[in-house]
Amino acid sequence: MSGAFVRVALDSPLPTLFDYRCDSPPPSPGTLVAVPFGKRTIVGLIVEVSAHSDVPAERVRSVEAVCSACAPLSSEWLELVSFAADYYQRSLGEVALPALPQALRDPDRWPRLFAVEPRYRLTDAGRAALPDALPARAAALRRLADALAGGQVLGASDARALHPKAGATLAAWQAQGWIEAEPAAGPDGALDGAARSNGETSAAGDERVAAVRPALTDEQTQAVDAIAGAQGFAPFLLHGVTGSGKTEVYLRALERLFAARPDAQALVLVPEINLTPQFEAAFRARFAGLAGAEAIVTLHSAMADGERARSWLAAHTGRARIVLGTRLAALASLPALAMIVVDEEHEPAYKQQEGLRYSARDLAIWRAKQRGIAVVLGSATPSLESWWQAEQGRYRRLSLSRRAVADAVLPSVRMIDLEEERRRGRGSVDGISGPLVAALKARLERGEQSLVFLNRRGYAPVLACDACGWVAGCPRCSAYVVLHKNEHALRCHHCGWESRVPRACPECGNVDIAPLGRGTQRVEETLAALVPGARVLRIDADSTRRKGSAQTLFSNVHAGEVDILVGTQMIAKGHDFQRVSLVGVLNADAALFSHDFRASERLFAQLMQVSGRAGRSGLAGEVLVQTRYPRHALYHALGRHDYVGFANATLSERRDAQLPPFVYQALLRAEARTLDAAFAFLKAAGAALSDLPFAERVTVYDAVPMTIVKVANVHRAQLLIESASRASLLATLRAWQPMLRTLKGVLRWSVEVDPLDI
DNA sequence: AGCACGCCGACT
DNA sequence: GTCGGCGTGCTC
């Protein structure tokens with residue numbers, strides 16, 4: 001049989017490519033195709049084009065459709081996903097296809113995605129009618145009309161750049177006869193989009209955010225100079241205390257980049273885009289002058305399919321200069337990528353916790369190396385991995401040690417010794433100590449805001465019976481259920497199971513069942529009673545469940561309608577509260593003695609972060625930490641704002657204990673209907689491992705049940721393997737994977753490289 | 001992973 | 001007599 005064959009990567013765990021016949025002019029690697037696969041048609045990615053195939057001719061089927069409107073993914077991008085597939089032990093297709101926007105993986109949507117966008121110009125009728133037809137307050141529409149009146153030819157993406165909802169406006173105006181379509185100029189999706197519209201239209205909507213360029217501190221200036229002056233692969237660790245102006249350093253470095261290379265692209269990663277609207281606003285304001293309606297695009301999982309596809313295509317075609325996104329943006333196609341920023345690089349959110357468990361930060365660094373460009377990792381509390389790299393001189397450290405706003409100093413941090421309070425007979429009320437209550441009252445009198453941080457949502461973590469010791473547990477998980485008093489419900493935070501609160505103990509009938517411990521709901525209730533007159537607001541995953549409600553709640557805080565804000569780590573991130581001068585921390589101690597060796601690193605980062613919310617704008621900030629261990633080294637370091645001391649001490653502990661970053665780890669997880677089945681599989685897997693090459697350089701631990709053994713009736717266990725050599729670990733995993741596939745059993749298993757939780 | 005086929009229990 | 005449970009096998 002003659003004709004061309006293509007080797008296609010498909011989103012399937014099978015570790016192979018699939019051959020298809022493709023007789024039309026053979027598309028190049030990186031092209032998307034729709035192919036028959038079993039009973040269905042799915043979208044795959046051409047990896048190779050070949051004149052022959054090793055698959056028996058009768059089994060080879062034909063490509064159904066070629067997505068020729070979409071420029072092929074570059075060989076550089078294919079290298080990136082190949083690397084990630086190899087590193088994280090997945091098939092190429094399992095990495096490549098989920099990295100694409102969902103809309104692109106549906107052949108039915110291709111025509112619309114790549115349709116040439118109609119471009120409109122004003123008609124005489126429109127010139128007469130449009131000025132009077134607009135609602136008085138529709139500033140975005142006014143600008144759109146003005147642009148048309150100025151002789152510009154505009155499309156829907158220009159309208160959307162003015163206002164997200166203005167995309168349909170042009171079509172409506174055309175129907176009125178006010179504007180008319182221009183003859184099509186050429187296919188979209190090619191690399192010619194950048195010049196379509198000018199800066200004036202894209203600047204839109206941001207007049208209100210003044211693009212203030214604050215004066216830089218000396219440290220900021222040095223950082224910007226270092227980043228902008230870097231040649232080749234240049235990883236920077238930007239270590240800046242909270243409020244020291246890291247964002248301004250990113251902005252200036254990017255300004256310098258675009259001044260030198262107007263066509264360059266930059267990737268800016270943030271841990272959670274919904275929490276950082278002001279971050280996005282700062283970028284839009286500062287870079288309002290960049291050419292093109294899609295000069296700045298965002299990419300995150302909360303976006304609608306179509307919008308996400310548009311952003312992705314703007315990045316892929318080079319129209320987007322700045323791509324601002326969450327971890328999934330780390331895999332975007334960026335042909336002119338010239339600089340990467342990873343803000344809050346220590347955040348665990350950069351590690352995907354399901355499916356392909358990649359670290360967006362680590363992939364970002366790999367990409368920077370691949371392209372020979374600068375990558376800036378910013379944090380007030382860098383991950384110990386990154387800190388260690390800087391200590392070894394592999395990353396260049398840039399320090400911002402002072403707050404950038406004049407007069408803003410770091411808050412004073414004080415421990416409230418709960419043991420001493422108890423000894424002196426000044427017991428706390430429902431977990432909130434006298435000194436904290438007094439401090440809250442003082443702020444209320446001064447008209448300042450306070451923030452109370454507690455990393456546990458719900459009303460109480462457990463509901464227990466005093467008489468017989470019964471504790472409310474989840475029937476499907478090996479975990480307690482959390483009491484949510486407002487909703488009159490017990491809820492499992494692992495599987496979502498819910499039930500009504502029982503009136504009496506189901507074991508012994510005792511009616512005196514009582515909540516044990518405290519969650520945010522209970523603290524909210526208690527504070528309202530302890531601090532009369534205070535307006536208390538709670539922000540956590542439960543109070544913000546409805547879409548957009550977090551935004552509303554936070555704006556209440558900013559507007560000064562709240563005196564005391566109670567919440568989980570949600571309140572610690574990204575928000576610049578101008579009137580907060582007191583931060584109270586409850587119940588932090590548990591993490592000090594956790595089995596998870598990373599718990600203290602996380603706790604320290606969280607407490608530094610939440611402490612940073614106090615006294616941002618020149619108010620004297622104070623942080624009060626309630627603890628039974630006021631002399632613990634972690635709190636000692638926190639009190640002195642001493643990240644460096646904490647990091648170096650923790651690193652040396654890690655070195656002594658041979659823990660990451662001094663060893664590399666991987667986990668084999670098994671999920672089965674019984675724990676025995678999971679263990680049997682892991683034992684066999686561990687035994688198989690010892691026969692592999694490199695095995696002597698790899699340590700295999702015993703299989704252990706996971707902390708929450710049972711979730712939603714599935715029993716889970718895991719096997720840890722580690723090595724001082726990353727290469728040996730990877731080589732072992734590569735050889736191990738095929739053996740695991742042959743170990744039969746009715747269970748699901750997965751390998752995770754560089755796990756964060758073990 | 002999907003999605004089939006295939007062989008045993010409780011129901012319109 | 002069927003509907004449907006999930007075990008097993010295949011996908012170019």
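Here is the naming used below: chain letters follow the sequence lines, and residue numbers restart at 1 for every chain.
The pair Arg491(A)-Glu487(A) meets the salt-bridge criterion, since a charged nitrogen lies less than 4.0 angstrom from a carboxylate oxygen.
Residue Tyr20(A) is in sugar-phosphate contact alone, with no base atom involved, counting any heavy-atom pair closer than 4.0 Å across all strands shown. Residue Pro36(A) is classed as a sugar-phosphate contact, given heavy-atom separations below 4.0 Å to backbone atoms only. Within 4.0 Å of Val55(A), counting heavy atoms only, lies at least one base atom of the nucleic acid.
For the residue pair Thr326(A)/His300(A), the side-chain donor-acceptor check at 3.5 Å is not satisfied. Judged purely by distance below 3.5 Å, without hydrogens or angles, the side chains of Thr41(A) and Glu64(A) pair a donor atom with an acceptor atom. In summary, the side chains of Arg357(A) and Gln353(A) do present a donor paired with an acceptor at a separation below 3.5 Å, with no hydrogens or angles considered. Side-chain contact check for His346(A) and Ser379(A): at least one donor-acceptor pair (N or O, by modelled atom type) lies under 3.5 Å.
Taking the six-membered ring for Trp and thresholds of 30 and 60 degrees, Phe83(A) and Trp366(A) have nearly parallel ring planes, at less than 30 degrees apart.
Between Leu92(A) and Val81(A) the shortest side-chain heavy-atom distance falls below 4.5 Å.
One can place CZ of Phe37(A) at 13 Å from C1' of dG9(C), the figure rounded to the nearest angstrom. One can place CZ of Arg673(A) at 11 Å from C1' of dG5(C), the figure rounded to the nearest angstrom. We find that CG of Asp19(A) is positioned 13 Å from P of dT11(C), with the value rounded to whole Å. Separating the NZ atom of Lys39(A) from the C1' atom of dC10(C) is a distance of 11 Å, rounded to the nearest angstrom. If you take CG of Leu747(A) and C1' of dT8(C), they are 14 Å apart, rounded to a whole angstrom. Note: CZ (Arg741(A)) to C1' (dT8(C)) measures 18 Å, nearest angstrom.
For DNA chain B, the contact window with chain A, defined by any atom under 4.0 Å from a protein heavy atom, covers dA1(B) to dC3(B) in 5' to 3' order.
Under the side-chain contact (heavy atoms from CB on, under 4.5 Å) criterion, Ser62(A) pairs with Arg21(A), sequence neighbours left out.
For DNA chain C, the residues of residues 7-18 of chain A within the heavy-atom distance limit of 4.0 Å (strictly under) are Leu14(A), Phe18(A), sorted by number.
Judged by distance alone, the side chain of Arg61(A) and the main-chain N or O of Tyr20(A) form no donor-acceptor pair under 3.5 Å.
Distances shorter than 4.0 Å separate none of the side-chain N or O atoms of Arg59(A) from OP1 or OP2 on dC12(C).
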